[in-house]
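The sequence lines fix the lettering, A, B, ..., with proteins before strands; numbering per chain opens at 1. Small disclaimer: the values here were computed from a predicted structure and weren't measured.
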Amino acid sequence: MEELPAGLRLVDGHCHGVVAGPLTEDAFALLATEASTPAPPGASHLDGPLGLAIRRWCAPVLGLPAHAPVAEYLARRTEFGADAARRLLRAAGLAALFVDTGIRLPAADWLDGDELGAAAGARVAEVVRLEAVAERVAAAGVAAADFAPAFAEALGAATRTAVAVKSVLAYRHGFAIDPSRPSRQAVTDAAGEWLRGGAPRLTDAVLLRYLLWCGVDTGLPIQLHTGFGDRSLALPRADPSLLRDWYELVEPSGVSVVLLHCYPYHRQAGWLAHVYPHVYVDVGLTLGHVGAQAAPVLAEFLELAPFTKVLYSSDAYGLPELYLVGAAQFRRALTHVLSDWIVAGALTAANADRIAYGVAADNARRLYRAPVT
Amino acid sequence: MEELPAGLRLVDGHCHGVVAGPLTEDAFALLATEASTPAPPGASHLDGPLGLAIRRWCAPVLGLPAHAPVAEYLARRTEFGADAARRLLRAAGLAALFVDTGIRLPAADWLDGDELGAAAGARVAEVVRLEAVAERVAAAGVAAADFAPAFAEALGAATRTAVAVKSVLAYRHGFAIDPSRPSRQAVTDAAGEWLRGGAPRLTDAVLLRYLLWCGVDTGLPIQLHTGFGDRSLALPRADPSLLRDWYELVEPSGVSVVLLHCYPYHRQAGWLAHVYPHVYVDVGLTLGHVGAQAAPVLAEFLELAPFTKVLYSSDAYGLPELYLVGAAQFRRALTHVLSDWIVAGALTAANADRIAYGVAADNARRLYRAPVT
Amino acid sequence: MEELPAGLRLVDGHCHGVVAGPLTEDAFALLATEASTPAPPGASHLDGPLGLAIRRWCAPVLGLPAHAPVAEYLARRTEFGADAARRLLRAAGLAALFVDTGIRLPAADWLDGDELGAAAGARVAEVVRLEAVAERVAAAGVAAADFAPAFAEALGAATRTAVAVKSVLAYRHGFAIDPSRPSRQAVTDAAGEWLRGGAPRLTDAVLLRYLLWCGVDTGLPIQLHTGFGDRSLALPRADPSLLRDWYELVEPSGVSVVLLHCYPYHRQAGWLAHVYPHVYVDVGLTLGHVGAQAAPVLAEFLELAPFTKVLYSSDAYGLPELYLVGAAQFRRALTHVLSDWIVAGALTAANADRIAYGVAADNARRLYRAPVT
């Protein structure tokens, strides 16, 4: 396999909105890292694998040589105005984007709906973040005793045309939870405490579990943040293998669970996809961030997971560059891994093509039942 | 090293019986996965790394091209009848098989003793599964107060000609246990409770610890399931580094401990083999399952473990194919890793040969004191 | 990048003294392993990746072919007398050594100060081990109520010219601790108990936390042992991601934290360096020990960590060989990784040079504010 067929457009199964226009270097750098604070003096968040990947893949799309210096790249990006975002998004070669709308920047030129799809030349569908719906319900005013039905109703309304729901339990509490569906009384009690406190960022384990189980009730696939992210999560509690008892309880519902990101627990995630019929793995944030290591890391994702249960997403957020970097790294890494396997005699070119089309798009189409052509 | 010398026959230090005759596609697929349920509609358990490896290595042994389609392969396999198993087993190139007889399918054509050895052209010796002996003792009828001596006696009888004992503590409870030998009274109490409940699948931590310590008393090496397997284990509790306090307590006995499988904790296992004189690592189930990734995964096993303490096994169960896939993947991966190291100048061809013979057979011969020539 | 520029001298940011003169084979082997007991009969601690690396890199420095047999190498080493150490240390190509003086062998020819620097042709600065200072304070005689100020004063005196402090919390207790600074009363109480017991090896969690916080008070970077080492640590409790709450609390002080060794949790460590502005990763003990796998393991260190926050050290202890092996493996691995990345188009040669100079020396110079030219 020389490279993925040029006509193979990806389904990006988990992503976010972007700022359409120019950004300062500081703002740009903070969107190109999982760090939350400016880099120390003399350093830059762009001095790492993701920074190199941005310069490699994005500079040519704006007419600069690959690896052009950051300052030059940002100047050119500003010259292009909103057209930069359009070019970068188009270059990602996407068939569809499934956008988690539960987090956004307060930017006037934020794109996350049809305009994002138009810019990317791709279909858009929504992924509904459970915790964001709960926080909206609280913000709108609700009595503790009404929280349970009010959330369920709001989620039903929010997911009417959605393709999946999404949980950030990993950030809010971690995976060491009682896996069972909490009782109505327990939810009311927990909601009471949360609402009395002014409904801050939701971290109560009972409520988070309730949200998850309402997610199951929608019948849609549930995307779970697992593995690394920003520093507001405790990494050891984001190991997806800690949620085994919950996967067991969910299985009879027929609902699918998608483990996003996973790194550095992606081998654990692959095993979960191997033994649980309803568990899938999605490379998510990982391949963009690990730069030139994308191929060996992707190969590790593929050690135990059935090829029909591995998915692509970029987790792009804020920068249109992250759509392109995710897609380009994924295409390159998948080509690299499958070519190596063909050369080693491990599979035929026809097998490899089927795996490539599956991971790039067909597995997502089947899972999310999305009308993507 | 072009490849392992053709005459180098492997000692397969941990394996199981096989079904000698034809199988339906569904039955075949369920034996070629750690999943316990049929694949979802449209998917197949053979659509993964192990499925590819079966088609690669086994089809030629039955006169088909490598990577022949599954349906064609299974048809040919049926034509060959019991001869298919014999051909596949022979092709594995084994000097000896150490068979865990504690788990089997209720198939009339199940092979796990001398017939298996005859089919493979290899010596056979037995590995005695501790939990299976305990469950037999209970099934035969025993008073709670007699359980402790009755088990010890039954184990003594069962291991008279065995080369090792085996524990599935990882499946039954996980490694977060009190490492000490339980008191006679504690065993009697726990046995009472277990027996009163009808002696179901043994999961009581006190009894499992008692079994382990009786295993130590046999003086034979103790094989431990560690790392991945089917979904009845909790992966984080199968990390072999959690059993450190038990390794400390076992050390004075002079008994050796073999960590089987290990993935994705094989680096942890390598460290244990590095620092504990009586701890060994065995690639087990892993290399067959990870398909084309067998070489990098094997290399990770070799990062810290002394070369004299790394062992080969297939963990084959049910399908004769798994004997061949395990052996072929191991030969190819070991050749690949050692060749790369020679080319990089990291060792000489003579060093590499000694490592290869050690890991493939000599380390097992020395450890299990098995009369294998 | 063909190889690191010959003139690029490394800063070895964490190392120890060495025995300058000849050693018996048994003594040599025990210094070339993290095992604490002699190898089983018929085996040798040199039969592993580190043993191969010693024969590869050190034999030529003593005029033998690479991979000369161990006996021949040791005979030649004895012939050279103290000159062997000098040759091996020089061959490491070091600009500076930061020596943890808190652990040493009772050998008359132990080198760990200016003499070590002179032998290596490099500057030497000290890293002060917190636990060793505490044990000295206790040995000198102190009342429980005076322990807190006496330790703080002794640490102040000990670090007057030091470049860093070092904690072995991983060995003494593990990372599952209350991260907060303990109260004066709690320290006095814990000191009372410790001193009444004769002040054995310090393992009390309150005192260890107090030491850490006094380390923060010095303003110097704090080096933490993380990941593998000898068997006196419990590996799962040495995962640096377990200390997250402590990193959060330390951050406002402006003090930097250096995660040493890290393996097999080096991916976790890389994430910590990515998200925490004051956290660094140091390859430490790892690259020497993993032999021919040094390049893939180093590449894993570089998956998430900013290139400005990755550091080199050897953790050499006892054998001058370990200085050379650490340095040679690091140079080779870094060259290999960066060359592969250049070939793959992931960065330019100029980028690669900057990364190489940073990781090899410049990052350490900046972090430790050391006057190294």
Side-chain angles (χ1 to χ4, degrees), chain A residues 29 33-53 55-57 60 65-69 174 227-239 261 263-267 285-297 300 328-329 332-333 336, chain C residues 175-176 236-237 239-245 247-248 251 254 256 264-280 295-296 298-310 337-338 340-352 354-355 358 362-363 366-367:
Chain A
T33 176
E34 289 294 315
S36 326
T37 48
S44 161
H45 288 313
L46 298 167
D47 275 342
L50 178 57
L52 288 180
R55 292 165 60 193
R56 172 190 199 177
W57 299 113
H67 306 297
F228 85 113
D230 71 48
R231 62 191 265 183
S232 64
L233 62 75
L235 196 55
R237 293 203 284 270
D239 176 346
H261 322 314
Y263 180 100
Y265 309 110
H266 45 296
R267 285 170 155 168
L285 191 57
T286 300
L287 299 191
H289 268 277
V290 301
Q293 284 285 101
V297 171
E300 293 173 0
Q329 296 267 107
R332 178 63 63 106
H336 187 105
Chain C
F175 293 156
R237 293 204 284 270
D239 176 345
S241 67
L242 297 172
L243 268 186
R244 162 190 183 253
D245 292 339
Y247 308 135
E248 295 273 350
E251 185 178 8
S256 297
Y265 308 110
H266 46 295
R267 286 170 154 167
Q268 281 88 330
W271 175 73
L272 293 165
H274 182 111
V275 297
Y276 287 104
H278 59 310
V279 173
Y280 291 72
L298 176 61
E300 291 174 359
F301 269 97
L302 297 172
E303 282 165 356
L304 287 186
F307 301 130
T308 50
K309 294 171 79 182
V310 180
V337 169
L338 293 175
D340 274 4
W341 291 6
I342 294 171
V343 169
L347 81 182
T348 64
N351 295 149
R354 199 154 63 94
I355 293 170
D362 293 344
N363 296 344
R366 201 171 53 245
L367 170 66

Original post:
Contact part of C/Arg244 toward chain A, heavy-atom cut-off under 4.5 Å: side chain, backbone, both or neither?
Top reply: side chain

Original post:
Which one, A/Leu233, A/Thr33, A/Thr37, leads in non-hydrogen pairs under 4.5 Å with chain C?
Top reply: A/Leu233

Subject >> Reported CZ-to-CD distance for the pair A/Phe228 and C/Glu303, which is rounded to 0.5 angstrom >> reply: 10.0 Å

Subject >> Minimal non-hydrogen separation, C/Val275 against A/Glu34, with atom names >> reply: CG1-O, 3.7 Å

Original post:
Are the ring centres of C/His274 and A/His45 closer than 6.0 Å?
Top reply: no

Original post:
Where does A/Ala66 contact chain C at under 4.5 Å (heavy atoms): side chain, backbone, both or neither?
Top reply: neither

Subject >> Winner by heavy-atom pair count (cut-off under 4.5 Å) against chain A, out of C/Lys309, C/His278, C/Arg354 >> reply: C/Arg354

Subject >> For the student: nearest non-hydrogen atoms of C/Leu347 and A/Leu52, plus distance >> reply: CD1-CD1, 3.8 Å

Subject >> Which portion of C/Ala350 sits near chain A, non-hydrogen atoms under 4.5 angstrom >> reply: neither

Original post:
What is the distance from atom OG1 of C/Thr348 to atom CZ of A/Arg56, rounded to the nearest 0.5 Å?
Top reply: 12.0 Å

Subject >> Value rounded to 0.5 Å, distance of OG in A/Ser36 from OH in C/Tyr276 >> reply: 8.5 Å

Subject >> Over all atoms of both residues, closest heavy-atom pair of C/Ala305 and A/Pro49 >> reply: O-CD, 3.8 Å

Subject >> Backbone N/O of A/Leu235 and side chain of C/Trp271: donor-acceptor pair under 3.5 Å >> reply: no

Original post:
With a 4.5 Å heavy-atom cut-off, do A/Pro264 and C/Tyr265 have their side chains touching?
Top reply: no

**OP:** Measure the shortest side-chain to side-chain distance between A/Val290 and C/Glu300 over non-hydrogen atoms and say whether it is less than 4.5 angstrom.
**Re:** no

Original post:
Do you know which of C/Pro277, C/Ala299, C/Pro296 has the most heavy-atom pairs with chain A at a distance under 4.5 angstrom?
Top reply: C/Ala299

Subject >> Toward chain C, the part of A/Asp230 with a non-hydrogen atom under 4.5 Å >> reply: backbone

Original post:
Of all of A/Gln293, A/His336, A/Arg55, A/Arg332, which one pairs up most often with chain C through heavy atoms under 4.5 Å apart?
Top reply: A/Gln293

Subject >> Per-residue contact mode, C/Leu302 against chain A (heavy atom under 4.5 angstrom) >> reply: backbone

Original post:
By a 4.5 Å heavy-atom criterion (distance strictly below it), what part of A/Pro40 contacts chain C: side chain, backbone, both, or neither?
Top reply: side chain

